[in-house]
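Worksheet: the structure to be examined is printed underneath.
The chains referred to below are lettered A, B, ... by the order of the sequence lines, with proteins before strands, and numbering in each begins at 1.
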Amino acid sequence: MGKYIVRRLLQMIPVIIGTTFIIYAMVFALPGDPTAGKCGERQCPESFVAEYREKYNLDDPLPIQYAKYMGQVVQGDFGTNQYGVEVREDLAKRFAVTGRLALMAIAVEIVIGISAGILAGIRKGRFVDNLVLVSTLVVISIPIFVIGAVLQYFLGVRLGLFPVTVSSEATTYELLLPAIVLGSLSVAYVARLTRTNLVENLRADYVRTAISKGLSKRRAVGLHALRNSMIPVITFIGFDFGALLGGAIVTEGIFNIQGVGGYIYRGIQVRDGVAVVGAVTALVIIYLFVNLIVDLLYGVLDPRISHD
Amino acid sequence: MRRTARTVAIAGISAVALLATACGGDSDDTTATDGNETTAAEGAAGGEIVVDGCTPENPLVAGNTSETCGGDVLEMITARLVNYNADDASPENDIAESIETEDNQTFTVKIKQGYMFQDGTEVKAQNFVDAWNYTAFGPNGQTGSYFMSPIEGFAEVNAEGSTVEELSGLEVVDDYTFTIRTSEPVSNLPVRLGYTAFAPQPDAFFEDPESFGKAPIGAGPYQVTEYNDGQSIVVEKFADYSGDFGGQVDKITFRIYQDQDAAYNDLLAGQIDVIRTIPQSALIDDKYQSDLGDRNTQRETGRFNYVGINTVVSTDLADPAIRKAISMAIDRETINEQIFNNSYTPATGWVSPVVDGYQENACGEFCTYDPEAAKAMLDEAGGYDGELTLSYNGDGDHKAWTEATCNSISQALDISCTATPVVDFATFLTQLGNGEMTGMWRLGWVMDYPSIENFLAPIYAEGADSNYFGPYVNEEFESLLTQAAAAPSLDEANALYQQAELLLAEDMVAIPMYYPKTTIGWSEKVNPVTITAFGRPDLASVTLAQ
């Protein structure tokens, strides 16, 4: 187990270097000068542009720029973005908000998604099953910005049940509605995944054996069938956590959450390469760790999968 | 000055908001009060308000800010030599006791004694001179250095790697007097001095410019007390404010929004008090008027939108007659009605009506929709058989109106015209700057200071920053600008600038499109809010409703 983890950690190093280089090259290959637009509709003064290019090493060839940048990153310095703010500081704040939002969305997925999936799975073909299948289909087919804007308008603006947008404190209550919106799509997937796998496993020999051995239905389903059915679900949730961190741009925009997605979006828009690469590097690292945890969980859920 | 590339993260959202109201269905037919007529009712001073803001592009240093996100805040926290009247933008002395000149080239500035910075030090002549030198100094790389360019010695100081740190044209006479010498006569210099780039900086700034940007110190009616990056900027009333243009409420929070729709929804829910613009989604069918009742107002502001042509690159459009024909083929009225819900005013010239020196109908018949005359003019000029394009930045709300404009041109002139998006504003400006943009392209201008000159010199003068027309060079235009700058009085200067404007109608490198109006909204918590001539809500005069 220990050896396995060390091996996985070592594997991460080339992945991180490779992804950061690709992203760095892509961001700086975008057309458009980073200083264009910084001075409104007129061009920036030459002295400003010169100073700026000097500061971000923009006149060096790409590999040298990258090497200089990584040299700083290794020392824990992610550089400062175009607004003169330390990227590390910015990211810490934004990951705190987005991380909580993503965790809450995952919690919504787990609680609602898995329970709906179980209910549908053990009552296959009955009313509950059909209800879950139809309602998840509806949720999957509505784009997230529609769900977000409609819920915000009716629950927030009209009924006043939830705050309309998230303030800079980003309290749990404020994040609740965005988390439901963000999690809604995945809830549907989780419910459907759980249901399908559970139905499959309930037909398996070992469940029939367990029941004929005299195990109560509850124990046979809960302990044996469900545990095995969770493996694809956990894989999906692990993947989804990473996706929610970086991909919540739409939800963040609707509810004015100052999170990572919007940071990357804006960074790309104003050609703030340092900010984008910093944020994406952090995302890659988180992604790799979450995947490692998911892989380790496999062993816990199914002892046949061994990491030795 | 302002980037008009409104970022729209999610295009579909407006449709949803529309749908949502349709279900809501409360439409009382309240019409907006017209522009300037709204006057702030008497209300109690004090209290606090929340307004929408956006992320400043640069640290909050007056000389390093030339876009509105930072400008909105700097406007509140700095005091300048002159202050622009909120109503008509006319300059009034603020820190200045007097600004005198005999030849429009040497200006003697006397400042008031006892005007205080927020750190308790007094504003002295040296603070102005040091601040302007700092802004102009090339290696400091300040975005506002452009504004110092008329001052003598600028070229030397602003050069890359310059070692000359002081503008030879600035001289401190005593603590409360200094002189400005410009390299050419500049008759409207006193008018320019109200722009935030000309604000004085306290000694503390020069000791540590880096950290100053997050905790700026000005001499204005408000001071920054909190600056949370990307989230909010809080300003509170400065107790020892020395000027005559103080604010009413005690505390103003600029809450930063990424998306204007979110700000609008917050306004509907009463979570913020004033918003700077109404999002496109709420302008459709005047939805905002039914949402907000009479809590909105609209006025023309110092902005100008145009369609430009680089006549050097686009040789097929080099004949001015073709450009005039195109201009006459655009049905500005109908497009305004159908696309902008009448929130714009069709342009009749190149200068916004809100500034001193505006003349009516400078463009004349060439900006009047007349498809027959347009077609006749085009035929006379030999016709046009290329593929006409109208480029716009795809990250702003420009698709609908550019397409409508192209349709109008196609129909009237029977030529092919396509609206072409460029991925985003940064790319768009780069292409313009490099002279790579062929065909027609859209652009806007927001005035820096309220003078007719600001609508002409920075855009059409030879060597001007925003002269993307090839560049546009017209000797007569240049000579009129020079004469106007040297004119003995402002009126005479304006008359010369007006003549210069008329030349633009002859050459038509920029086709006037619109004078955009600004529409703002406010919550029930505050008394009616007015809009300044610069298009900002006049936050200093906002009072809480009783």
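Both the backbone and the side chain of B/Ile256 come within less than 4.5 Å of a heavy atom in chain A. Contact of B/Asn467 with chain A is not made at all, since no heavy-atom distance falls under 4.5 Å. Heavy-atom distances place no part of B/Thr65 under 4.5 Å from chain A, backbone and side chain included. Only the side chain of B/Glu160 comes within less than 4.5 Å of a heavy atom in chain A; its backbone stays farther off.
Contact tally against chain A (heavy-atom pairs below 4.5 Å) for B/Gly213, B/Gly70, B/Pro56: the top residue is B/Pro56. Across A/Ile257, A/Val164, A/Asn256, A/Val157, the residue that shares the most heavy-atom pairs under 4.5 angstrom with chain B is A/Asn256. Between chain A and the options B/Pro139, B/Ala263, B/Ser149, the largest number of non-hydrogen pairs under 4.5 Å is found for B/Pro139.
For A/Arg88, the CZ atom sits in a loose shell: 12 or fewer heavy atoms of surrounding residues, nucleotides or ligands are nearer than 6.0 Å. The local environment of CD in B/Gln271 is crowded, with over 12 non-hydrogen atoms from other residues, nucleotides or ligands closer than 6.0 Å. Around the CD atom of B/Glu210, the shell of radius 6.0 Å holds no more than 12 heavy atoms that belong to other residues, nucleotides or ligands.
In this structure, CG on B/Asp259 lies 12.0 Å from CD on A/Glu252, to the nearest 0.5 angstrom. Note that CZ of B/Arg255 and OG of A/Ser167 are 6.0 Å apart. Values are rounded to the nearest 0.5 Å.
For the residue pair B/Ala262 and A/Gly253, the shortest heavy atom distance occurs at CB-O, 3.8 Å.
Contact annotation: the side chain of B/Asn228 never approaches that of A/Gln258 to less than 4.5 Å [non-hydrogen atoms, C-beta and beyond]. Looking only at side-chain heavy atoms (C-beta outward), B/Asn265 and A/Thr165 stay at 4.5 Å or farther from each other.
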